[in-house]
Amino acid sequence: MIRLHQFPPPEGLPVSASPYCTKVELYLRLTAREHEVVSAPDPRKSPSKTVPWVTWSDGGVTTDSSAILERLEREGPALDDGLPEAARARGEQLVARVESPIYFSTLFSAFVDQEGWMTHREYVKAGLPWLLRPIVPAFIRRSQVIKCAANGFTSAADYAKGVTAVEEVSAALGDAPFLSGDAPRVVDCCVWAQLVGLVYTHHATPPREALRGDARLADYITRVAARGGYPLPSWS
Ligand SMILES: N[C@@H](CCC(=O)N[C@@H](CS)C(=O)NCC(=O)O)C(=O)O
């Protein structure tokens with residue numbers, strides 16, 4: 001049995017607080033792989049100190065969402081089965097361009113923006129033992145501020161990178177139901193997970209507003225959610 005260790009969902013949402021976890025969970029659901037989700041609020045328990053991580057039936061462990069998906073694709077049933085190589089490569093290039101700027105837009109708004117932190121702090125506290133709740137959130141926040149800066153998000157001006165990424169996803173989707181055409185593929189797992197993280201950002205950031213204002217992307221989020229069996233609450 002595949003065991004997916006992931007951050008629990010924030011209150012009221014059916015998806016993990018970590019888009020990288022959601023990416024793997026969506027993949028497992030779309031390929032109907034038997035799996036168990038294990039709530040892992042403390043990433044220090046992971047061999048890489050990040051979520052997600054997966055333990056396989058053979059006892060092996062893989063961290064990093066992309067490495068997990070690569071193994072699942074190799075073992076099959078593969079989500080990209082039958083997809084022409086050029087389309088698969090286009091999907092990979094899109095993910096390489098948009099995954100990180102959307103992720104760091106969401107992370108910046110949760111940990112660096114004071115307004116977002118006021119709400120997100122409560123989620124962080126809830127994952128900690130009582131004794132650690134008064135002190136540790138500030139250290140976690142600090143580490144995420146450093147992580148954002150190391151990835152080019154030092155001020156609110158960097159939200160522009162998230163807006164560009166959202167616009168790029170919209171252009172890549174066009175009028176198709178999914179990013180590579182008629183069926184959800186690996187690219188959809190990667191990109192949808194980031195969009196769904198961003199769309200529920202607590203306060204109005206430029207990337208969140210760009211996403212919420214794009215009817216095509218809003219429909220896409222809902223369409224993929226239905227395929228994955230996620231009952232998404234309204235975000236408007
Ligand atoms: N490249 C990794 C990134 C994973 C990642 O950044 N996970 C975040 C949650 S979304 C994490 O565990 N953060 C904990 C920390 O930074 O201490 C993957 O794709 O799995």
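Note: hydrogens, waters and symmetry copies are ignored here, and every other heavy atom, side chains too, is used. Given the structure is predicted, the values throughout are model-derived calculations rather than measurements. Read the numbers this way: they start at 1 and go in the same order the structure lists the ligands and their atoms.
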Distance from [atom] to nearest protein heavy atom, with residue and atom:
{"atom": "atom 16 (O) of ligand 1", "answer": "K147 NZ, 2.9 Å"}
{"atom": "atom 3 (C) of ligand 1", "answer": "Y20 CD1, 3.9 Å"}
{"atom": "atom 5 (C) of ligand 1", "answer": "V51 O, 3.6 Å"}
{"atom": "atom 15 (C) of ligand 1", "answer": "Q144 NE2, 3.4 Å"}
{"atom": "atom 14 (C) of ligand 1", "answer": "P43 CG, 3.8 Å"}

List every atom of ligand 1 that sits less than 4.0 Å from any heavy atom of [X], numbering the atoms from 1 in the order shown and giving each element.
{"X": "S18", "result": "9 (C), 10 (S)"}
{"X": "Y103", "result": "6 (O), 8 (C), 9 (C), 10 (S)"}
{"X": "F7", "result": "9 (C)"}
{"X": "P52", "result": "20 (O)"}

Test: D58 and R3 ion pair at under 4.0 Å: no
Does this structure show an ion pair linking R216 with D175, if we count only N-O contacts that are shorter than 4.0 Å? yes
Side-chain donor-acceptor pair under 3.5 Å between [X] and [Y], yes or no?
{"X": "S16", "Y": "S18", "result": "no"}
{"X": "D64", "Y": "Y20", "result": "no"}
{"X": "T62", "Y": "W56", "result": "yes"}

So is S65 polar-close to ligand 1, meaning N/O to N/O under 3.5 Å? yes
Within the structure provided, determine whether [X] and [Y] are in side-chain contact (heavy-atom separation under 4.5 Å).
{"X": "Y230", "Y": "V15", "value": "yes"}
{"X": "E73", "Y": "V186", "value": "yes"}
{"X": "V169", "Y": "L179", "value": "yes"}

Best match, T22, I68, D64: closest heavy atom to atom 1 (N) of ligand 1: D64
Does ligand 1 have any atom sitting under 4.0 Å from a heavy atom of S143? no
Using heavy atoms and a 4.0 Å limit, tell me yes or no: is R44 in contact with ligand 1? no
Summary of side chain to side chain donor-acceptor pair (under 3.5 Å) pairs that have at least one residue in residues 155-167, sequence neighbours excluded: D113-Y159, T154-D158, D158-K161
